[in-house]
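Inspection log for the structure reproduced underneath, given as structure tokens.
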Amino acid sequence: MTDRAFVPNEEQAMLRESALGWVRENAPISDLRKLRTDNLETGFDPDLFAEMAEMGWTGILVPEDHGGFGFGHASMGLVAEQMGRNLVASPLIGSAVAATDALALFGTEEQKAEWLPRLLSGEIHAAIALEETIAHNPAGVALTACREGDGWILEGHKQPVFDFGKAGLVIVVARTSGAPGDAEGVTLFLCPGDAGGISARRLTQVDSRGAWALAFDGCALGAGSILGEVDKGLPALETVLDRARAVLAAEMIGSTTQAFETTIEYLKTRVQFDQPIGSFQALQHRAAELLSEIELARSAVWAALAAIDAGDDDVPQLTSLAKALAGKAFRRAAQEMVQLHGGIGMTDEHDSGLYLKRAHVTDMTFGSVAFHRDRYARLAGI
Amino acid sequence: MTDRAFVPNEEQAMLRESALGWVRENAPISDLRKLRTDNLETGFDPDLFAEMAEMGWTGILVPEDHGGFGFGHASMGLVAEQMGRNLVASPLIGSAVAATDALALFGTEEQKAEWLPRLLSGEIHAAIALEETIAHNPAGVALTACREGDGWILEGHKQPVFDFGKAGLVIVVARTSGAPGDAEGVTLFLCPGDAGGISARRLTQVDSRGAWALAFDGCALGAGSILGEVDKGLPALETVLDRARAVLAAEMIGSTTQAFETTIEYLKTRVQFDQPIGSFQALQHRAAELLSEIELARSAVWAALAAIDAGDDDVPQLTSLAKALAGKAFRRAAQEMVQLHGGIGMTDEHDSGLYLKRAHVTDMTFGSVAFHRDRYARLAGI
Amino acid sequence: MFADLPIDEFRPAIRDWIRENFPAGLRGCRAPTNGHEPPVGPPGEFVLWKQRCADAGLGTPMWPVEFGGAGLDQAKADILAEELLEAGAFNPIAGLGAMMLGPTLLEFGTEEQKRIHLPPIARGDLMWCQGFSEPGAGSDLAALRMRCEDKGDHFLLNGQKVWTSYAHHSDWCFAIARTSTEKKQGGITFLLVDMKSPGLDVRPIQLINGISHFCETFFNDVKVPKENLVGEVNNGWTVAKRLLQHERTSLSSLRRANAKTYDLVSIAQRYCEKAPDGTLADKDLRQRLADHLLSEHAYALTLERRAAEEEAGLNPTTPVSTMKNLGSKVGLQLGELAVEILGNRSMGWEGDGYTSEELELTSLWLHSKCYSIYGGTYEIQNNITAQRELGLPKS
Amino acid sequence: MFADLPIDEFRPAIRDWIRENFPAGLRGCRAPTNGHEPPVGPPGEFVLWKQRCADAGLGTPMWPVEFGGAGLDQAKADILAEELLEAGAFNPIAGLGAMMLGPTLLEFGTEEQKRIHLPPIARGDLMWCQGFSEPGAGSDLAALRMRCEDKGDHFLLNGQKVWTSYAHHSDWCFAIARTSTEKKQGGITFLLVDMKSPGLDVRPIQLINGISHFCETFFNDVKVPKENLVGEVNNGWTVAKRLLQHERTSLSSLRRANAKTYDLVSIAQRYCEKAPDGTLADKDLRQRLADHLLSEHAYALTLERRAAEEEAGLNPTTPVSTMKNLGSKVGLQLGELAVEILGNRSMGWEGDGYTSEELELTSLWLHSKCYSIYGGTYEIQNNITAQRELGLPKS
């Protein structure tokens with residue numbers, strides 16, 4: 001057995017406890033409700049994110065030689081899981097996982113030196129501009145980057161781009177050759193958040209997070225803005241996405257677990273027909289079946305995170321396994337949360353709806369259940 | 001509302017009652033157990049089939065001008081449903097539906113005069129030789145028929161062919177041009193059961209029915225053996241198959257209903273933990289959900305049969321709907337029958353296993369759930 | 001007039017009537033599923049259509065003519081519904097009064113109650129809401145605690161109702177309250193309450209899709225005249241149960257109307273990538289969409305089958321409780337598939353980053369979650385099917 | 001010797017031992033999932049392998065050396081299992097004695113019972129069967145009625161057991177019987193019964209796949225010596241419950257071993273039509289097969305996770321009852337998909353019209369239906385999960 005890190009080591013257990021404590025104390029789910037009304041420019045609470053940076057979470061994946069902790073993805077997953085419990089809105093996955101990994105794995109020394117310390121300190125956060133069409137499809141990128149002199153001009157659209165508001169850095173996935181759908185011709189760009197030629201429209205999303213629609217119209221970037229190799233960006237992108245997918249799946253497991261626990265607690269206390277409704281066998285069996293689905297997803301998520309940290313070959317399989325099962329489990333747990341709470345679960349006042357909406361958005365993000373089931377099947381040779 | 005014949009008319013109600021009474025009195029499920037040991041040449045009990053013919057069931061679809069009753073497929077479905085209750089083995093669907101319809105719809109006057117009276121009287125029964133590969137695929141036929149002089153030579157394999165034993169007539173689906181998969185080039189042949197050049201191997205099937213593997217090696221047929229048009233047989237075949245599918249689906253509904261009723265009865269009488277197990281809510285809910293699935297299938301089956309008799313355009317959609325839903329419902333009812341009977345349901349002595357095996361074979365016959373879901377989707381334009 | 005026609009003349013006659021009376025501007029408009037929603041279509045046309053239907057009694061077709069109906073039997077009412085659908089039209093007289101209270105009053109109400117309350121319902125002039133559920137009495141409705149005291153010439157109501165749909169837009173409320181604590185079901189009384197009564201306070205509840213049509217309704221010393229008692233004191237459970245049957249029936253047909261209106265096939269064809277053979281490229285989604293279409297189609301056929309059985313004077317094979325659950329399952333599936341088809345376009349809450357169709361479908365998805373809760377939860381319906389219809393023993 | 005090695009030296013040592021001792025002819029043979037099945041592989045090799053394992057105590061690796069085990073801890077036992085799998089080998093000492101009775105006797109048995117009964121189990125010399133279920137006591141095991149009377153120097157058994165696996169091939173039976181009717185669970189006693197006892201009659205039951213490994217066992221004045229009592233009179237329920245825990249654990253890992261052996265991907269690749277891009281042409285089947293692969297993979301990972309948690313001295317997160325149900329679900333899915341993949345080739349019962357692989361898979365499909373019944377039904381496991389693990393109240 002490769003050590004799948006199914007059991008956190010001492011350092012990780014401490015990190016998990018401190019993250020859980022912080023989330024419970026400082027990031028209640030009411031914060032998400034506030035975001036709906038506060039309409040912040042960032043789409044998340046910058047003070048909260050500053051605290052996360054202070055606690056070092058933005059540095060979990062920054063290599064030690066750039067001042068970070070190099071703790072690995074299992075550790076990041078443990079933090080994300082606790083955040084998921086209270087549906088905490090932050091750019092952690094886009095910035096401290098995807099962008100940080102992209103730079104650490106594929107950046108030049110110069111690029112790392114320029115961006116990693118600022119991401120680490122929380123001075124800036126980064127966003128990923130990838131999606132264009134209705135379905136996740138990394139090779140399908142159509143936004144073009146054409147050479148002009150030493151540099152590049154970007155033209156096209158991106159939507160949704162999460163956490164673009166006030167982002168210091170945007171990693172833009174662009175097409176430098178070929179046609180949408182081609183594996184060749186995809187290139188990653190490092191684009192300052194305030195670059196000219198980008199117009200952004202704020203979207204109001206069901207999960208109350210910050211998302212934007214971007215139009216690139218003559219957006220000019222310098223020669224040094226290429227991350228990795230020109231035209232060869234797709235494998236790098238997939239590597240980065242798998243890391244973000246696995247950590248997002250960990251966040252989803254946290255949300256799922258909280259939705260499940262809240263529901264079980266309600267089943268124990270809500271009385272109908274002179275009995276706690278949790279004593280009804282039909283509900284007991286649904287709870288037992290839901291637990292079994294959650295447990296499968298949990299195993300897959302920790303296996304995927306451990307495989308990333310171990311540099312194993314089966315990261316794509318395990319990541320698709322984890323994201324697909326977490327997507328199914330979260331949707332089902334949220335659906336049961338609404339249903340088993342009955343009328344009250346349908347009200348905005350209750351948290352059920354928040355979990356339901358988040359389940360949908362996280363499932364759609366970085367590939368849905370259907371996307372990952374298909375990808376897993378391909379990798380399995382069928 | 002077109003009259004979907006959801007409610008049997010007086011004539012049909014009488015037919016149903018008499019069929020139900022006959023099945024209960026004369027065709028108990030123990031007959032099926034006897035077939036497993038008796039190893040009859042026909043694969044079904046010829047005396048029982050003679051009784052069916054005597055009652056006129058073989059003439060339900062024979063046009064009145066050929067001495068039949070021309071009652072239509074809803075009537076045939078009502079009979080098939082009752083047969084399904086006790087898993088009665090007979091060549092009724094292959095012979096009195098598929099072959100009879102094929103002749104009545106596409107036969108020349110000469111062919112009709114030659115075969116219909118004999119099928120009607122029960123003097124002979126007919127079989128359909130269609131399947132060759134592991135999955136139902138009418139256009140995929142590979143068995144070749146080549147012209148030789150006035151006639152044809154057939155070469156190839158068919159498996160499974162139900163009720164071939166002692167069949168007086170076999171309708172053989174052959175390829176007269178093109179390649180397997182082509183819609184053009186399929187031709188139907190009327191082949192006497194004792195034609196030379198056919199070697200047959202009896203198969204022992206899980207559902208204890210009679211099935212054979214046929215090898216055609218220089219099987220010579222005359223010019224008059226063509227049913228319908230050369231090379232244009234596929235639409236005719238599909239028309240015939242849809243009729244057989246709908247009646248088979250009716251038979252499946254009968255089996256499903258019996259499996260369900262037997263299980264509900266057991267739930268009322270079997271005591272565990274000092275209560276009838278039917279009082280456990282988890283089992284109650286599964287029973288309720290199973291009922292709802294059966295009811296959907298039932299509606300689809302009667303709509304399909306009525307559409308056939310009305311000559312409606314949506315027969316293919318409704319037939320695929322009916323066959324897919326009946327397949328799902330029968331499988332699930334049989335599965336629950338085994339599970340809810342517990343240990344006893346796993347024994348050969350109990351009837352559960354007979355329903356389970358029949359559910360599988362009927363689902364695979366004339367296109368499985370997956371086949372018909374795909375066909376329905378295509379017809380719906382997706 | 002329509003009531004007297006032989007059934008074979010009825011269909012052409014009603015078809016002609018619809019063609020002559022249904023305003024063209026309303027064609028294809030989604031029917032208001034209850035009377036509280038804002039009028040649809042061009043200004044004035046909805047009101048006109050409502051008037052014409054009311055004049056002919058066709059909004060409540062099976063009610064007696066004297067109370068504003070058309071006196072049709074079930075067979076003719078079904079034909080009317082089919083012809084409306086066929087013509088792209090709809091019944092403009094909706095709401096709980098027409099669907100639930102009316103049939104109940106026809107069975108249990110006094111002559112005076114029918115005379116006073118039915119005609120305004122049949123014309124769509126007065127709107128009704130349902131005061132049944134309470135915070136501690138959801139699925140277990142009979143556990144209700146709202147007190148109803150007999151004060152000689154009137155009843156006095158004190159307590160709280162919840163999930164009162166459109167209470168804030170309603171004129172009247174039919175409610176059940178506790179007149180005796182000795183027996184659970186046998187201590188309940190059914191009343192008609194004027195929503196303008198002093199002491200009655202309504203607060204809308206916002207739902208997970210941001211819309212508020214449910215309310216909390218507070219009763220603080222609300223007086224109800226004696227003539228507003230339906231049935232007898234302590235016998236309201238019988239009345240309420242019958243009313244709930246009407247609710248289940250109407251909910252399952254409404255669900256069907258809804259499913260007919262949102263055409264997932266057309267949405268998928270517009271939004272999804274196609275394979276070279278014209279089928280949807282995403283086979284995983286396609287399989288599930290096909291499964292939904294199968295269920296939806298068979299559900300519609302089951303409604304037809306029940307109607308045919310009723311028409312033939314038979315007991316419908318499929319229980320009402322089964323229909324309610326099938327209907328909600330189809331509706332829930334539709335919602336889930338709609339947002340899945342829209343993918344990245346299904347995350348919108350409001351604003352111009354999304355089309356109004358996209359926002360509507362996303363809202364429908366969230367709203368659909370209540371299908372298996374209101375009108376008796378999915379779990380309650382399954383209990384009814386198992387115990388009442390299949391005869392399985394109570395635990 | 002293996003027990004004393006530091007854990008990091010254990011793995012290479014055991015790997016070497018397997019390489020040296022596992023007969024090449026047995027490589028890739030399906031492990032007998034219990035000791036009653038006919039030997040596998042070339043003649044003599046299975047017996048040889050069994051002897052070698054028995055000599056090293058590796059068939060019952062966690063048992064003390066004095067009783068025929070190897071004295072390994074859980075971590076080392078897991079490594080042994082992994083290395084066997086890796087080498088295409090298997091544990092030849094299977095059956096209810098090794099998996100269920102042994103661990104139970106180690107906890108509850110007398111020294112003499114351990115001394116007499118454990119070594120023959122550890123060597124695979126004597127086979128045991130389980131006399132628990134009765135015709136009226138399936139899921140409700142404690143409802144059993146087989147009478148056990150104290151006759152001074154022996155007990156006298158009268159009654160009937162059912163579902164006794166391989167009773168017709170067993171040397172001994174561990175059974176529970178009723179010594180008191182005063183309390184349901186508190187009147188049960190656990191005994192070891194010699195199958196050669198006079199008055200004991202065994203009749204095999206044929207299953208739906210035509211195979212008989214279950215029996216009905218009739219006890220007619222069967223005498224059991226006093227020294228064959230395990231635990232105390234009327235305290236057998238405690239012993240039996242612990243034994244059932246061992247059963248659940250071993251069933252869920254067996255299921256996994258089974259799933260590993262039937263490779264649906266390879267079967268699908270051989271039997272199914274391919275699309276031009278190499279994927280399966282039947283996308284409907286492909287989606288469901290993929291779903292199964294996801295479950296199977298995650299189930300295997302969950303077994304790994306539990307092992308890691310146990311190794312770290314933690315309580316496993318996933319309850320045993322959940323594992324049992326997950327295992328049976330994966331096994332049931334596998335059976336259904338196997339016959340669906342085979343399509344027209346999956347209808348065979350026997351004879352040469354079908355390959356032996358086809359017949360075996362069809363038989364497996366039918367046999368798999370018992371996964372969710374035996375070892376505690378699916379429903380019982382769900383009750384345990386809900387009430388014992390999630391703390392939901394009893395009704």
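Lettering of chains follows the sequences in order, A, B, ..., and the numbering in each one begins at 1. What you are looking at is a predicted structure, and each value in this text was computed from that prediction instead of being measured. Computed from heavy atoms alone, side chains included, the values below leave out hydrogens, waters and symmetry copies.
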Original post:
Quick one: of A:Ile344, A:Val369, A:Ile277, who has the most non-hydrogen atom pairs under 4.5 Å with chain C?
Top reply: A:Ile344
Donor-acceptor pairs under 3.5 Å, chain A versus chain C:
{"from": "A:Glu131", "atom 1": "OE1", "to": "C:Asn344", "atom 2": "ND2", "distance (Å)": "3.1"}
{"from": "A:Thr133", "atom 1": "O", "to": "C:Asn344", "atom 2": "ND2", "distance (Å)": "3.0"}
{"from": "A:Ile134", "atom 1": "O", "to": "C:Asn344", "atom 2": "N", "distance (Å)": "2.7"}
{"from": "A:Gln159", "atom 1": "OE1", "to": "C:Arg345", "atom 2": "NH1", "distance (Å)": "3.4"}
{"from": "A:Thr204", "atom 1": "O", "to": "C:Trp349", "atom 2": "N", "distance (Å)": "2.8"}
{"from": "A:Gln205", "atom 1": "OE1", "to": "C:Tyr354", "atom 2": "OH", "distance (Å)": "2.5"}
{"from": "A:Val206", "atom 1": "N", "to": "C:Met347", "atom 2": "O", "distance (Å)": "2.7"}
{"from": "A:Arg270", "atom 1": "NH1", "to": "C:Pro135", "atom 2": "O", "distance (Å)": "2.9"}
{"from": "A:Gln272", "atom 1": "OE1", "to": "C:Gly138", "atom 2": "N", "distance (Å)": "3.1"}
{"from": "A:Gln272", "atom 1": "OE1", "to": "C:Ser139", "atom 2": "N", "distance (Å)": "2.7"}
{"from": "A:Gln272", "atom 1": "OE1", "to": "C:Asp140", "atom 2": "N", "distance (Å)": "2.8"}
{"from": "A:Gln272", "atom 1": "NE2", "to": "C:Gly136", "atom 2": "O", "distance (Å)": "2.9"}
{"from": "A:Phe273", "atom 1": "N", "to": "C:Asp140", "atom 2": "OD2", "distance (Å)": "2.6"}
{"from": "A:Arg286", "atom 1": "NH1", "to": "C:Glu379", "atom 2": "OE2", "distance (Å)": "2.7"}
{"from": "A:Arg286", "atom 1": "NH2", "to": "C:Glu379", "atom 2": "OE2", "distance (Å)": "2.9"}
{"from": "A:Arg331", "atom 1": "NH1", "to": "C:Glu336", "atom 2": "OE1", "distance (Å)": "3.3"}
{"from": "A:Gln335", "atom 1": "OE1", "to": "C:Lys369", "atom 2": "NZ", "distance (Å)": "2.6"}
{"from": "A:Gln339", "atom 1": "OE1", "to": "C:Ser372", "atom 2": "OG", "distance (Å)": "2.6"}
{"from": "A:Gln339", "atom 1": "NE2", "to": "C:Ser372", "atom 2": "O", "distance (Å)": "3.0"}
{"from": "A:Gln339", "atom 1": "NE2", "to": "C:Glu379", "atom 2": "OE1", "distance (Å)": "3.0"}
{"from": "A:Gln339", "atom 1": "NE2", "to": "C:Glu379", "atom 2": "OE2", "distance (Å)": "3.4"}
{"from": "A:Met346", "atom 1": "O", "to": "C:Ile208", "atom 2": "N", "distance (Å)": "2.9"}
{"from": "A:Asp348", "atom 1": "N", "to": "C:Gln206", "atom 2": "O", "distance (Å)": "2.7"}
{"from": "A:Lys357", "atom 1": "NZ", "to": "C:Ile208", "atom 2": "O", "distance (Å)": "2.7"}
{"from": "A:His360", "atom 1": "NE2", "to": "C:Ser346", "atom 2": "OG", "distance (Å)": "2.7"}
{"from": "A:Arg373", "atom 1": "NE", "to": "C:Asp284", "atom 2": "OD2", "distance (Å)": "2.6"}
{"from": "A:Arg373", "atom 1": "NH2", "to": "C:Asp284", "atom 2": "OD1", "distance (Å)": "2.9"}
{"from": "A:Arg373", "atom 1": "NH2", "to": "C:Asp284", "atom 2": "OD2", "distance (Å)": "3.0"}

Subject >> Region of A:Ala213 in contact with chain C, defined by heavy-atom distances below 4.5 Å >> reply: neither
**OP:** Look at C:Ile208, C:Ile341, C:Val162, C:Val339 and state which one has the largest set of heavy-atom pairs under 4.5 Å with chain A.
**Re:** C:Ile208
Original post:
Which bit of C:Ala137 is near chain A, if near means a heavy-atom gap under 4.5 Å: side chain, backbone, both or neither?
Top reply: backbone
Subject >> Closest non-hydrogen atom pair, C:Leu342 against A:Ile134 >> reply: O-CB, 3.5 Å
**OP:** Give, as side chain, backbone, both or neither, the part of C:Ile380 having an atom under 4.5 angstrom from any heavy atom of chain A.
**Re:** side chain
Original post:
With only heavy atoms counted, which part of A:Leu203 is less than 4.5 Å from chain C, the side chain, the backbone, both or neither?
Top reply: side chain
Subject >> Under 4.5 Å from any heavy atom of chain C - which part of A:Leu354 >> reply: neither
